[in-house]
Amino acid sequence: MGSKKLSITVFVLSLILLLISLKLFWNLSIFVDEYGLSPDKVNGGDFWLSMDWLRLLLLFLLCVVSGISILKGKPRR
């Protein structure tokens, strides 16, 4: 039962982190649009913009994997 609680905790935390990152990315896009800048200038270059996208992808994958681990569970006999 402790493993199930840990899986749920990991899922909830990763979902919260994903939502925070998405909101920050949304705010970045609004700022860039209003001031006529580009996202790579605000992030400090193409590399850091790519890392921003990678962070979103990894958080999404973490949510998916932790969600699957919650639903999978142990089969009953």
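Along the sequence shown, the residues carry numbers beginning at 1.
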I'd like a table of donor-acceptor pairs (distance under 3.5 Å, sequence neighbours excluded) in which one partner is a side-chain atom from residues 6-30, with atom names and distances.
residue	atom	partner	partner atom	Å
S7	OG	S3	O	3.1
T9	OG1	K5	O	2.8
S14	OG	V10	O	3.0
S14	OG	F11	O	2.9
S21	OG	L17	O	3.2
S21	OG	R55	NE	3.4
S29	OG	W26	O	2.6

If you compare all heavy atoms of S66 against all heavy atoms of S69, which two are closest, and at what distance to 0.1 Å? O-OG, 2.8 Å
Distance in Å, L54 CG paired with L59 CG, rounded so as to fall on 0.5 Å steps: 9.5 Å
Joint hydrophobic cluster, L58 plus V65, side-chain heavy atoms closer than 4.5 Å: no
Residues pairing under salt bridge (Lys or Arg N to Asp or Glu O under 4.0 Å) where one sits in residues 24-49, two or more places apart or in two chains, turn out to be none
F31: partners by ring pair (Phe, Tyr, Trp, His ring centres under 6.0 Å), with sequence neighbours left out: Y35
